[in-house]
**Student:** 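Supplied in structure tokens, the structure appears directly below.
The chains referred to below are lettered A, B, ... by the order of the sequence lines, with proteins before strands, and numbering in each begins at 1.
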Amino acid sequence: MSEKKNEVSRRQFLNYTLTGVGGFMAAGILAPMVRFAIDPVLKATSGSEMSPVVDVSELSNEPQRFDWTIEQVDAWYTSDVTKSAWVYLDDNDEIVALSPVCKHLGCAVNWAGNSDYPDQFFCPCHDGRYYKDGTNVPNTPPDAPLDEFELEVKDGTLYLGNPKPRGEA
Amino acid sequence: MQWHPDDLQGFFKAKEYIDTVILPITSISFKNQAEAEKLAIQKKSIEIITQELERNYAGRIFVCPIYIYQHAVDREQEIARLNSWTEEMLAEQFEHRFIISHDILWKKYEKQFDSHFIWTPSFSMSNFQSDDARLFVKEQTNELSELIRSYW
Ligand code: FES
């Protein structure tokens, strides 16, 4: 009982202090912090900045790996992050851009990385394998297909955004 | 994986799969400007190369934070320390242990390392953003990963 009372009065005390003397100072301090806190969220939803990756004319049926660098902002901290994708044209000449990040534990997979499986993606870490369309080969460590990049073609250039897990089709 | 809280979460969930550790080592000296600059480039270079290795082999290789020593140190003493790092601390967890350095002076002591010692050339340019640097890093990481994979 008495503890509760104490708590209330402490909170009240804090309230008074904040809205009173400290209130206007706190507002000054809070404003920028709120901005920091909201910024990354806005970024994430206004979403996927698309990066130019390669000229569409360079693409073929054979998956090729492309690397590019983005500036990643985590709250107040900015860093350059290298991204990679395996890109090819499927049988309908549609562009497919797969994330190389293995769904087992995150190593980078390689197209035809194992000569025993020349038409699959191979993960060198624990022998995970994926078919050309990114579907994981059963009875290898990964339990999901490779993520697929959001993509967009503008003026003959392929732009890639964020990798998205593939819905079970 | 790296020494980051998020990675460590993953690490403790999947320890049995991560059997390889890399300890990048680099030195510092304020003796003269030329040497200091060279060492600073080496530090950046080893950082970039090991990060790139990590990015491609995150599910099997753990990259430790960089180990820093004094450039003018007594090398044999430093090796004793490094051996205690790799053998006392890391051996229990990781079957394959590698020390990676750009410092050519270690070459002479190579045999005294209990772990695998790898010397690899540093890039010499201070412009890390250049295409040359990127290509260099790519080649280096390809070779290093081939070497590491030969132990798996
Ligand atoms: S990380 Fe790809 S199979 Fe384990």
Side-chain angles (χ1 to χ4, degrees), chain A residues 40 51-55 63-72 74-75 77-86 98-116 121-130 136-137 139-147 149 163, chain B residues 1-2 4-22 44-45 47-63 93-96 127-152:
Chain A
S51 316
V53 170
V54 63
D55 225 64
Q64 291 172 272
R65 178 171 156 161
F66 299 102
D67 292 350
W68 70 101
T69 309
I70 59 161
E71 210 176 69
Q72 183 168 294
D74 292 320
Y77 177 77
T78 310
S79 53
D80 284 338
V81 181
T82 307
K83 306 258 239 165
S84 307
W86 285 99
L98 298 172
S99 160
V101 178
C102 180
K103 297 303 261 187
H104 179 221
L105 291 172
C107 294
V109 303
N110 292 305
W111 176 248
N114 180 331
S115 47
D116 291 341
F121 291 100
F122 178 73
C123 178
C125 286
H126 317 100
D127 299 351
R129 287 185 280 129
Y130 302 81
N136 48 305
V137 175
N139 302 320
T140 71
D143 58 3
L146 294 171
D147 289 353
F149 280 96
Chain B
M1 308 228 170
Q2 301 181 59
H4 282 170
D6 294 350
D7 281 12
L8 287 164
Q9 249 179 39
F11 173 75
F12 280 100
K13 265 190 224 132
K15 268 206 253 183
E16 64 277 22
Y17 289 102
I18 300 135
D19 63 355
T20 302
V21 68
I22 292 177
K44 190 77 197 173
S45 169
E47 205 166 67
I48 292 174
I49 290 173
T50 50
Q51 294 248 332
E52 191 55 18
L53 266 176
E54 196 275 338
R55 194 170 74 88
N56 287 298
Y57 293 91
R60 184 148 181 190
I61 298 182
F62 194 102
V63 174
Q93 180 55 50
F94 302 100
E95 189 185 336
H96 310 290
N127 179 9
F128 311 117
Q129 302 297 346
S130 70
D131 283 347
D132 284 349
R134 220 182 46 171
L135 219 84
F136 179 83
V137 168
K138 206 170 175 169
E139 274 163 22
Q140 284 298 306
T141 45
N142 282 348
E143 268 172 48
L144 285 170
S145 55
E146 216 169 289
L147 177 67
I148 290 169
R149 283 171 64 182
S150 72
Y151 287 90
W152 288 353

**Student:** With rounding to the nearest 0.5 Å, note down the distance linking CD in B/Gln51 to OG1 in A/Thr82.
**Tutor:**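 Result: 9.0 Å between the selected atoms.
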**Student:** Counting only N and O atoms by type, is there a donor-acceptor contact under 3.5 Å from the side chain of A/His126 to the main-chain atoms of B/Tyr17?
**Tutor:**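 Yes, the answer is positive, given that a donor and an acceptor are paired below the 3.5 Å cut-off.
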**Student:** Of all the heavy-atom pairs spanning A/Gly106 and B/Ala58, show the shortest one and how long it is.
**Tutor:**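 In this case the closest contact between A/Gly106 and B/Ala58 is O-CB, 3.6 Å.
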**Student:** Chain A heavy atoms under 4.5 Å from B/Arg149: which part of the residue, side chain, backbone, both or neither?
**Tutor:**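 The side chain, not the backbone.
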**Student:** Do B/Tyr57 and A/Pro124 come within less than 4.5 Å of each other through their side chains, counting heavy atoms only?
**Tutor:**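 Of all side-chain heavy-atom pairs linking A/Pro124 with B/Tyr57, at least one is under 4.5 Å.
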**Student:** Counting only heavy atoms closer than 4.5 Å, note whether B/Glu52 contacts chain A via side chain, backbone, both or neither.
**Tutor:**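 It is the side chain, since no backbone atom gets that close.
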**Student:** Looking at A/Cys107 and B/Gly59, what are the two nearest heavy atoms and their distance?
**Tutor:**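 Minimum heavy-atom separation between A/Cys107 and B/Gly59: SG-N, 3.0 Å.
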**Student:** For B/Lys138, which atoms come within 4.5 Å of any heavy atom of chain A: side chain, backbone, both, or neither?
**Tutor:**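 The answer is the side chain of B/Lys138.
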**Student:** For the atom pair CG (B/Asn56) and SG (A/Cys125), what is the distance rounded to the nearest 0.5 Å?
**Tutor:**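 Reported to 0.5 Å precision, the distance equals 9.0 Å.
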**Student:** Side chain, backbone, both or neither: which part of A/Asp80 has a non-hydrogen atom closer than 4.5 Å to chain B?
**Tutor:**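 Just the side chain, heavy atoms under 4.5 Å.
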**Student:** Is it true that the side chains of A/Ser84 and B/Arg55 contain a donor and an acceptor less than 3.5 Å apart?
**Tutor:**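 B/Arg55 and A/Ser84 do have a side-chain donor-acceptor pair below 3.5 Å.
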